[in-house]
Structure formats: C-alpha cells, structure tokens
Colleague: 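Here it is, the structure in full.
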Amino acid sequence: MAERSTAAVDVADNSGDEPLTAQADQSTADGVANNRERDTDSDEAQGNPTSEESGKASPPELHSGHKLARRYRLEECVTRLDGFSSWRAVDEKLRRAVGVHLLPADHARARSVLAAARSSALLGDPRFVQVLDAVEDNDLVYVVHEWLPDATELTALLASGPLEAYDAYQMVSQVASAMAAAHREGLAHLRLSPNAVLRTSTGQWRIRGLAVNAALRGISSDTPQRTDTEAIGALLYATLTQRWPYETDAHGLAGLPKDIGLIPPDQVRAGIHRRLSELAMRALANDGATASRHESPCTTPEELVKAIGEMPRIRPPEPAYTAPPQYQRTAYQQGAYGRPAPRPGVTQPVPTPPPPLQSRTGKALKWSVSALLIAALGLGSWQLADALMERGGKADNQNQTQTTDGNDKNGERTEPAKPISVQTAQEYVASGSAQAPQDVAKTYDGDASTFWRTKKYNEGPKLAPYKPGVGIVYDLGSEQDVSTASIGLRYTGDHTTVHLYAADSLAPSTGVDGMKEIASATTTGTSLTAKASKPVKTRYVLLWMTDVPNAPSDGYSGAGYKQAITDVTFKG
C-alpha cells in the first residue's frame, strides 16, 4: 500500500458516549432508509447485525503501547463498538500520528472492510482522508489512515452557530465535487454526517471514512448516489440553520419541530441565502418538494455539482475595516506639562512671556556675561595659536619617527561579523505535508511584516510525533563561514527551539541526523540568535524548528501550537 503523508483523522467515534439521537428512519422516494445517528450509536439501532450475530468475533484484547507490524504503536482507544475498535496511534517509522481501525480476522465484516479500505486507497483523492495501509495479519485485520491534527469536525464548528453563507457554499461545493469523483470510481460513503466532514486550518474541506465507515457497520444501499446526495443536503441544511432537517435530534443539533414537515432553511432562520436554501431542498427532497417547486430535485452528487455551478458565485465577506484611533498630542508635547488640564469647551489662554531684564540688576548681569564671553574668546584664541605653532615645529623635524602604543585598543579590535546574503531558499519537508512553501522568500526579503508560518498543531511545544520538525534550506550562493543566525519570530509563549545544520543542497540527500549541526537556541520571545562555537564552512544552511509555542488565534489560523519566521540574517 502506497504511503501518503500528512497526519490525521477518522477515528470515528468516542466510545461510551451516550447517543445524542435515536435513529431517524425516514425513507426516501426509492424506499431506502437513511441512518442519521451519531457514530457512537449502536448498530442494533440501525438494524445491522450485532457482534453476536456476526459469529464468534470479539474485539481483540489490545492495550495502549501495543505495536502492529513493529511499526504502529497504539496510543489511545477512541471507539470500541460491535466487535471493532478505533485507535489513535503513532507510526514510529515516519514519526507521525495515524488512526487505526482493528477487528478480528474472523469478524463477519472483516473481508468487506479490507476490500473497502483498499478500494478507497486506490482513489487517491486528497479531498478524502487517505487510507495508508490495509492488512490482514494472522488473526487480526487493521486499517491505517491519516490523522489530521489541524482539522475540525463540522459538528464542532456548528456548536458555536450556523456558518456564514460563503463557508456553507465552500463546504457543499467541495463535498459534492469530491463525492461525485468517488461515485465515478464506484465508491460510496453512506455515512456522511457532520462527524465525517472536516475543515482544515487552510479552509479546505475533507471527508473521512469513504466506504470504510459503512463497511465497518455493515451498511449498504441499493441507491448509493441518492443516499449520499441527500446526506449532503442535510449537511448544507445544518450549516445554514444549525438544525438537523428531521424531527429527531442528531449530531448535537436540535431537530425540526414535530408535525410541520421539511421546511426550507430560509423559513427556519432569517437572513439565509435564498439560493443555498433552495439547493439544500433540492438535495434533500428527492420527491421534488423543493422550496419553490420550480426546480427539479438533485438525486446524484453529479447533478448537485451541476446545480452549484449554475448558481452565482458567493464571494467571501469583506474584512471589517477598523479606523485607527485619532492621534492625540500629549500634554507634555503641548507645553502644558505640570499644568492642570483645561475643562472641555474652555480655551486655555496662552501664557505671556516674561519681560526682558530692564532693572539695574539686570543691566549689571548683562555686562558681566558679556565680559566673561570676551575673556573666554581671547583665551581660546591664544591656546589655538600656541597649538598651531607647536604643530608647525614638529612638522619641520623630518627625522622624528612616529610610534604606536602597543596597548592601543584599536590594535586589539576584531573584525565584526559580516552579513551573508541569501540567494534562494526552499522549504524542507522531512515527513508529511509542507507548511507554506510559497512564503519562504518572505523570510529574507528585508520586510519584518511578512513571514513564513507553520501549520497549527493541537499538542506541543515539541512537534513530534506529528512531525520531527519543520524548516527551510537557505542557499548562500557559495561556501561561507557561518557563525551566527538572527531570526525574527511572530509568536511568543512557551518556547521556540531552532537548530542550524550544514546541508549539501537545497534538497538534502540525507536526513537531519546525517547533517552537521552548526548551532541551536531556544527562546520565549520574538527574536532568537543562534551562535556557533566556531564558524562552519557551508553553502547551504538548514534552519530546523523542533518546538513551537502555544499561540492565540489570528487571521491565519486558530489557537494552537505554531510559529512564524519574519526575517533571517546569517553572519560569518
């Protein structure tokens, strides 16, 4: 099974949680009952075979710390349901977090789970959480998939309220196009819910559990395209209204009032985008009961994608502009230091300057000052003339030799370190996905307001096991003696640790362990200086960051462990 990088998600469900809803057994026009329960709901409620009906299969007795294939170390069990379990684990070979589904090899659904996982892995669409491995090992079957630490479930996003029209549009557009691509390859999801849809820190929407989640629970459908399309409509309805479009509560959302039927989203909540409301109804109501009854229903993801394409594009909201506060001169700048502030609306009088010295004492003081100035000028002129005559006499002596004091401080002065200009740079990715390769040049453009940033991680300060580290390789143009690196940072807090290594090219042929370390440093502030004990001659320098601070939310990403580099200067 081909390895795919990124850390990631679809450990489906929290075992032991009390179900938030009962099953909503509403039938579509084709008579297929749709299961709209939370992932933790038992399969008995769904009418699927239980572990007793599945044969003698029972969950394997595994524990935290157990290793699969001498590689995947189980860390935390997040689901234990109907003969299978789901775990958060660590891939010790690639040093990254992964998710693992486990079930006995004699489980009634073991073969279908393996087949679904392998089919999903062959799709290779980055819009889906990727299956990394699917293995049958003696009496155990396990599926390894991505774990996305920087992604947030749609369930969690809706907990704080409905999404903006632009976000809802992006969600339905990306999810519908992804599912249309999956159905073209013969793959269906059948368990699309707010728990299965994730938004990454970059604003991309990803789907987890394609084919595998349904196979784990023995769910099938005679009309899979219609089932997935109606599920996408329910997702859009929920994002617009923060309500589940059926009478039963589900996924932490309240259902619609009883006995009123399926009403359009714009009748549930004021201010909803009308075209998105109609789109949700076209996907949900497969019997044609749309908001206006003028549009035909969408029964496949392909039809839904076409309907989205016919809509006017919804633009992102304009960022709110906050006018800077008006500049206020301080009392000291206004020459009023030490005086009480005037009352509002009262013009403060301008103080009258004191009259000049006109008394007898004043005249005497003026004459005294004048006499002192004349005496000082005369003394200065005499000393200047004497110095010029002495210098002229020394200049006439051609045999006089100049000596230098051996203790002169200038003789001991060392040459200051010279800045080394960077010719080009490239992000270094040891494992997983890149951080922001398009922004690398902003770290040496001389502008402290621009920066290259890492992604946000849920745990830290140490990036491992999600990543061994992140960094940038700088090309200095030719071999230089590198002794110091001054690094500007965007975020404070906890601590930031940076290492400098001598690399052999912009794309190093060895890992960090095979490079020569130049220097390292740790800081909690916004500037860091890494200084070598002695200069190292190299053309390529890897700036390698292994620890990042816990920083608050900003306009680029949410709160979490992250860092950004504003400018880097090397000196020899």
Side-chain angles (χ1 to χ4, degrees), residues 24-36 127 154 162-163 165-194 196-197 205 207 210 220-241 243-247 250 255-257 259-315:
D25 290 329
Q26 291 194 1
S27 298
T28 59
D30 51 68
V32 178
N34 291 278
N35 299 306
R36 301 184 182 90
R127 292 170 292 188
L154 180 57
L163 302 187
Y166 174 76
D167 293 327
Y169 172 79
Q170 288 295 319
M171 185 280 297
V172 71
S173 177
Q174 294 182 36
V175 170
S177 61
M179 289 309 306
H183 279 283
R184 285 195 293 269
E185 299 298 326
L187 292 171
H189 197 290
L190 306 183
R191 281 187 63 82
L192 270 176
S193 68
V197 177
W205 294 90
I207 303 170
L210 177 66
S220 61
S221 172
D222 294 333
T223 55
Q225 295 207 48
R226 177 170 291 190
T227 300
D228 282 344
T229 304
E230 185 173 346
I232 298 172
L235 292 175
L236 178 57
Y237 196 106
T239 60
L240 294 173
T241 63
R243 300 288 291 266
W244 195 237
Y246 304 99
E247 291 185 354
L256 297 178
D259 302 327
I260 67 169
L262 181 61
I263 58 176
D266 55 4
Q267 294 182 20
V268 176
R269 176 172 163 265
I272 289 179
H273 194 281
R274 183 177 62 84
R275 295 300 296 270
L276 287 177
S277 176
E278 293 178 356
L279 185 68
M281 295 300 291
R282 293 180 64 184
L284 271 171
N286 289 322
D287 60 355
T290 61
S292 61
R293 297 185 180 272
H294 297 306
E295 300 287 349
S296 60
C298 298
T299 58
T300 67
E302 199 72 55
E303 292 178 359
L304 191 56
V305 170
K306 183 178 179 181
I308 294 171
E310 293 172 351
M311 288 177 52
R313 184 178 296 276
I314 300 177
R315 299 187 179 277

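We count residues from 1, following the sequence as given.
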Colleague: Can Leu236 and Leu284 be said to form a side-chain contact (heavy atoms from CB on, under 4.5 Å), step by step?
Modeller: CA-CA 9 Å; Leu236 178 57; Leu284 271 171; over 6 Å; no

Colleague: Kindly compute the distance separating OG1 (Thr239) from CG (Leu154), expressed to the nearest 0.5 Å.
Modeller: 7.0 Å

Colleague: Could you grab the distance from atom CE of Met281 to atom CD1 of Ile263, nearest 0.5 Å is fine?
Modeller: 8.5 Å

Colleague: Just verifying a value: how many Å separate Leu262 CG and Glu247 CD, rounded to the nearest 0.5 Å?
Modeller: 10.0 Å

Colleague: Got a sec, which residues hit side chain to side chain donor-acceptor pair (under 3.5 Å) with Arg184, two or more places apart in sequence or on another chain?
Modeller: Glu302

Colleague: Specify the closest pair of heavy atoms between Ser221 and Thr227, including all atoms of both residues, with the distance to one decimal.
Modeller: OG-OG1, 3.0 Å

Colleague: With sequence neighbours left out, write down each residue that passes salt bridge (Lys or Arg N to Asp or Glu O under 4.0 Å) with Arg274, or none if nothing qualifies.
Modeller: Glu278

Colleague: Not counting sequence neighbours, which residues clear salt bridge (Lys or Arg N to Asp or Glu O under 4.0 Å) with Arg243? List them please.
Modeller: none

Colleague: Tell me, please, which residues at least two apart from His183 pass side chain to side chain donor-acceptor pair (under 3.5 Å).
Modeller: Asp228

Colleague: Indicate yes or no for a side-chain donor-acceptor contact from Thr241 to the backbone of Val268 under 3.5 Å, with no hydrogens or angles considered.
Modeller: no

Colleague: Does Met179 form a side-chain contact (heavy atoms from CB on, under 4.5 Å) with Thr229? I'd like the steps, not just the answer.
Modeller: CA-CA 9 Å; Met179 289 309 306; Thr229 304; over 6 Å; no

Colleague: Donor-acceptor pair, Arg127 side chain versus Trp205 backbone, under 3.5 Å?
Modeller: no

Colleague: List the atom pairs, donor and acceptor, that lie under 3.5 Å between side-chain atoms in residues 303-314 and the rest of the protein, sequence neighbours left out.
Modeller:
unit_1	atom_1	unit_2	atom_2	d
Glu303	OE1	Thr299	N	2.9
Glu303	OE1	Thr299	OG1	3.3

Colleague: Gln174: which residues meet the side chain to side chain donor-acceptor pair (under 3.5 Å) condition with it, sequence neighbours left out?
Modeller: Gln170

